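A short worksheet on the structure shown next.
This structure is a prediction, so every number in the text was calculated from the model and none was measured.
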Amino acid sequence: MKVTGPSFVSNDELGFGRGLVWMALSMISFIGMSIGSRELASSLSIQQVLFFRALVGLIIILVLARKLLPEVREKKMLRLHFIRNIMHFTAQYFWTIGVVFLPLASVFALEFTMPIWVAFFAWLILGERLTGPRLLATIGGFVGVLVIVRPGISMVDPASMFVLLAAAGYGLSLICVKQLTQQCSAGAIVVWMILIQLPLGFVLALTDWEPVHWHTLPWMVLAGAGALSAHFCQAQALRILDASVVIPIDFLRVPMAAIVGYYAYGEFIDVWVLLGGAIILFSNYQAVMTDRRNRAA
């Protein structure tokens with residue numbers, strides 16, 4: 001008879017760890033998507049950026065994920081797919097405007113007014129329990145964001161307002177994704193995203209078409225692959241973790257974006273970015289440890 005040693009890691013802990021890995025991959029992918037989108041927007045219209053991002057995603061799906069097509073043909077929760085993607089496409093358009101005209105750290109910081117919407121919609125629509133640790137993590141993360149950007153008169157411009165509108169749209173879109181994961185795989189959710197948003201992007205791109213050159217191809221691939229990977233990984237994380245857990249962790253995109261902005265575009269990083277990042281990390285660490293202790297009790 002085979003004798004096995006004691007298990008030191010519970011299934012809950014393994015699942016939580018997998019959720020964290022998916023979130024880390026999602027954050028890296030979002031950063032890659034933002035860089036590719038910014039570079040594309042230097043020679044193409046924003047409408048074209050959205051179109052080519054979706055087009056690259058479709059090519060990747062046809063090459064690597066054709067096995068998902070039978071599930072897509074079932075058309076599960078089709079109405080919710082359309083609602084989610086119309087909201088997401090609109091938010092994505094506003095967000096891309098911010099990526100073009102604001103420092104990357106500022107874009108991601110302003111985007112993270114989204115947890116307020118996510119917490120509200122998760123409670124209202126999904127019936128998720130908003131525990132004290134998760135609420136404190138969200139508040140702490142938002143405080144960290146404010147420390148990083150120190151919003152003042154210079155932040156109040158049209159691009160900032162567009163990013164704030166995008167945050168509200170992303171919040172509701174994320175709740176839709178959480179609902180979709182009940183019957184649809186993460187892959188199918190991403191496929192429907194491409195199938196719905198590609199024609200939307202094409203129609204809009206025709207209204208402001210700029211000549212396309214070969215040197216933009218690598219940035220198209222980065223933006224398209226990053227977008228596909230980011231949403232797939234985020235959907236996978238949402239299958240494992242509550243939305244109100246995922247979003248506080250996602251705050252880490254802000255210091256990551258600040259570092260990338262510094263090295264890629266010479267965007268200045270000062271002590272406030274480091275302090276804000278520390279607040280974000282500490283608040284999330286406290287929430288994670290408290291949740292783990294509560295599950296173990």
Task: Residue pair Ser42 / Glu39: nearest heavy atoms and the distance that separates them - done: OG-O, 2.5 Å

Open item on the list: Do Met27 and Phe30 have side chains that approach each other closer than 4.5 Å (heavy atoms only, starting at C-beta)?
Closed with: no

TODO: Supply the atom-to-atom distance Leu165 CG to Tyr93 OH, rounded to the nearest 0.5 angstrom.
DONE: 12.5 Å

Open item on the list: For the CZ atom of Arg53 and the CG atom of Leu198, what is their distance to the nearest 0.5 Å?
Closed with: 12.5 Å

Task: Separation of Leu228 CG from Ile61 CD1 (nearest 0.5 Å) - done: 5.0 Å

TODO: Could you grab the distance from atom CE of Met220 to atom NE2 of His215, nearest 0.5 Å is fine?
DONE: 9.0 Å

Task: With sequence neighbours excluded, residues passing side-chain contact (heavy atoms from CB on, under 4.5 Å) with Ser29 - done: Ser229, Ala230

Open item on the list: Test of understanding: with side-chain hydrogen bond (donor to acceptor under 3.5 Å, both in side chains), list the residues that count as partners of Trp192, not counting sequence neighbours.
Closed with: none

TODO: Determine whether Val203 and Met193 fall in the same hydrophobic cluster, where Ile, Leu, Val, Met, Phe, Trp and Tyr are linked whenever their side-chain heavy atoms lie under 4.5 Å apart.
DONE: no

- [ ] Return the set of residues passing side-chain hydrogen bond (donor to acceptor under 3.5 Å, both in side chains) with Ser34 (not counting sequence neighbours), or none when no residue passes.
- [x] none

Task: Leu69 reachable from Ile59 in the ILVMFWY side-chain graph, under 4.5 Å edges - done: no

Task: Straight-line distance of Ile46 CD1 to Leu204 CG, nearest 0.5 Å - done: 11.5 Å

Task: Minimal non-hydrogen separation, Ala223 against Gly36, with atom names - done: CB-C, 3.9 Å

Task: side-chain contact (heavy atoms from CB on, under 4.5 Å) between Phe52 and Val212, worked out - done: CA-CA 10 Å; Phe52 283 115; Val212 181; 3.8 Å; yes

Open item on the list: Is there a path of hydrophobic side-chain contacts, each under 4.5 Å between heavy atoms, that joins Leu55 and Val49?
Closed with: yes

- [ ] Spell out, yes or no, whether Ile86 and Val190 are grouped together once hydrophobic residues are joined by side-chain heavy atoms under 4.5 Å, including indirect joins.
- [x] no

Task: Considering all heavy atoms, the nearest Glu210-Ser45 contact - done: CG-N, 4.0 Å

TODO: Apply the side-chain contact (heavy atoms from CB on, under 4.5 Å) test between Ile60 and each candidate in Leu62, Val63, Val56; give the one that qualifies.
DONE: Val56

Task: Rounded distance [0.5 Å steps], CG in Leu20 versus OG in Ser26 - done: 12.5 Å

- [ ] Answer yes or no: is there a side-chain heavy-atom contact under 4.5 Å between Cys184 and Glu71?
- [x] yes

TODO: Find out whether Lys76 and His81 are in side-chain contact, i.e. whether some heavy atom of one side chain is under 4.5 Å from a heavy atom of the other.
DONE: no

Task: Side-chain touch Gln236/Cys233, heavy atoms, less than 4.5 angstrom - done: no

TODO: Evaluate the side-chain proximity of Asn85 to Leu200: yes if any heavy-atom separation is below 4.5 Å, no if none is.
DONE: no

Task: Aromatic plane relationship, Phe202 with Phe51 - under 30° parallel, 30 to 60° tilted, over 60° perpendicular - done: tilted

- [ ] Taking the side chain as every heavy atom from C-beta outward, state whether Phe94 and Leu164 have any pair of such atoms under 4.5 Å apart.
- [x] no

Which donor-acceptor pairs under 3.5 Å do the side chains of residues 95-105 make with protein atoms, sequence neighbours left out?
{"from": "Trp95", "atom 1": "NE1", "to": "Glu111", "atom 2": "OE1", "distance (Å)": "3.0"}
{"from": "Thr96", "atom 1": "OG1", "to": "Gln92", "atom 2": "O", "distance (Å)": "2.8"}

Task: Residues that Gln179 engages under side-chain contact (heavy atoms from CB on, under 4.5 Å), provided they are two or more places apart - done: Leu80, Ile125, Leu126

Task: Side-chain heavy atoms of Val260 within contact of Tyr265, under 4.5 Å - done: no

Task: His88: partners by side-chain hydrogen bond (donor to acceptor under 3.5 Å, both in side chains), with sequence neighbours left out - done: Gln197, His231

Open item on the list: According to a hydrophobic-cluster definition based on side-chain heavy atoms being under 4.5 Å apart (Ile, Leu, Val, Met, Phe, Trp, Tyr only), do Val21 and Ile240 belong together?
Closed with: yes

TODO: For the residue pair Asp208 and Gln48, establish whether any side-chain heavy-atom pair is separated by less than 4.5 Å.
DONE: no

Task: Minimum-distance pair of heavy atoms, taken over all atoms of Ser43 and Thr216 - done: OG-CG2, 3.4 Å

